[in-house]
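Structure record follows, encoded as structure tokens.
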Amino acid sequence: MVNSSEKIKVILLIDDDADDRELFREALKQVDPLVICIEADDGDVALFLLNQPDAVLPDVIFLDLNMPRMNGKQCLNEIKQSDALAHIPVVIYTTSKRGVDVEETKNMGAVHFITKPAFFDKICKSIDYVLSEEWKKEEQPVNAPRL
């Protein structure tokens, strides 16, 4: 349940797949209807939005890895190299299950790694996990919980 004294959270979802973005939005509405979700369909668009002088910086970024033009690793690198953006937690949200992607993105500064769940309830659980900041309590926060 949302505490009305809490600041409303803003999420930036960076994903080139329109269907995945729609599913994410629907799951987010179920988890916390007050969260504001800003979307970008690739890394270039996301960085453009984030670097606007009047940009509302998100509380957390969900970032897909496999995108055209600027992929997720390139985008993560740009975010973590920016003094203005480096403090924003980045959660990798991708179809990849590769251990090398988990390790590489962890080393680049991602706080958590989620392989996109196949079922709606699992998507909700993954989003809730991130919004509740449970990942901050883990010794190795990049490892996703068993859902």
Verdict with supporting geometry, Ile36 and Ile11, side-chain contact (heavy atoms from CB on, under 4.5 Å): CA-CA 6 Å; Ile36 297 167; Ile11 288 176; over 6 Å; no

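- The backbone N or O of Met67 sits nowhere less than 3.5 Å from a side-chain atom of Asn71 that would complete a donor-acceptor pair.
- Contacts classified as side chain to side chain donor-acceptor pair (under 3.5 Å) and involving residues 74-86 (residues at least two apart or in different chains) are not found.
- In this structure, the side chain of Thr105 does not engage the main chain of Ala110 through any donor-acceptor pair within 3.5 Å.
- Under the rule for a side-chain hydrogen bond (donor to acceptor under 3.5 Å, both in side chains), Asp16 has no partner lying at least two apart in sequence or in another chain.
- In this structure Arg25 satisfies the side-chain hydrogen bond (donor to acceptor under 3.5 Å, both in side chains) test together with Glu39, sequence neighbours excluded.
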Chi angles and distances behind the side-chain contact (heavy atoms from CB on, under 4.5 Å) call for Leu65, Asp101: CA-CA 9 Å; Leu65 291 182; Asp101 287 335; 3.9 Å; yes

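- For the side-chain hydrogen bond (donor to acceptor under 3.5 Å, both in side chains) test, residues two or more places apart in sequence or in another chain that qualify with Asp42 are Arg69.
- Here the side chains of Lys9 and Asp32 are not in contact, with every heavy-atom distance at 4.5 Å or above.
- Scored by the side-chain hydrogen bond (donor to acceptor under 3.5 Å, both in side chains) test, Glu104 finds Lys73 as partners (sequence neighbours excluded).
- No side-chain heavy atom of Ile127 sits less than 4.5 Å from a side-chain heavy atom of Gln30.
- Under the ring-ring contact (aromatic ring centres under 6.0 Å, His included) criterion, the residue pairs touching residues 10-32 are Phe24-Phe62, Phe24-Tyr93, with sequence neighbours excluded.
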Worked check of side-chain contact (heavy atoms from CB on, under 4.5 Å) between Ile88 and Val60: CA-CA 6 Å; Ile88 302 170; Val60 65; 5.6 Å; no

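- Rounding to the nearest 0.5 Å places CD of Glu26 at 9.5 Å from CG of Leu28.
- For Asp59 (side chain) and Val10 (main-chain N/O), a donor-acceptor pair under 3.5 Å exists by modelled atom type.
- Taking SG of Cys75 as the reference point, atom CG of Asp64 lies at 10.5 Å (rounded to 0.5 Å).
- Using a 4.0 Å cut-off between a side-chain N of Lys or Arg and a carboxylate O of Asp or Glu, Asp20 and Lys116 qualify as a salt bridge.
- Without hydrogens or angle criteria, Asp128 side chain to Cys124 main chain gives no donor-acceptor distance under 3.5 Å.
- Within a 6.0 Å radius of CZ in Phe120, other residues, nucleotides and ligands contribute more than 12 heavy atoms.
- Distance check, rounded to the nearest 0.5 Å: CG of Asp121 to OG of Ser126 gives 9.5 Å.
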Verdict with supporting geometry, Leu63 and Thr94, side-chain contact (heavy atoms from CB on, under 4.5 Å): CA-CA 7 Å; Leu63 177 62; Thr94 186; over 6 Å; no

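- The two residues His87 and Ala84 come nearest to each other via the heavy atoms CE1-O, 3.2 Å.
- Nearest heavy atoms, Gly43 versus Ile14: N-CG2, 4.1 Å.
- Taking the side chain as every heavy atom from C-beta outward, Asn66 and Thr95 approach each other to under 4.5 Å.
- Contact check for Ile61 versus Val91: no side-chain heavy atoms found under the 4.5 Å cut-off.
- Put simply, CG on Leu50 and CG on Leu85 are 5.0 Å apart, with the number rounded to the nearest 0.5 Å.
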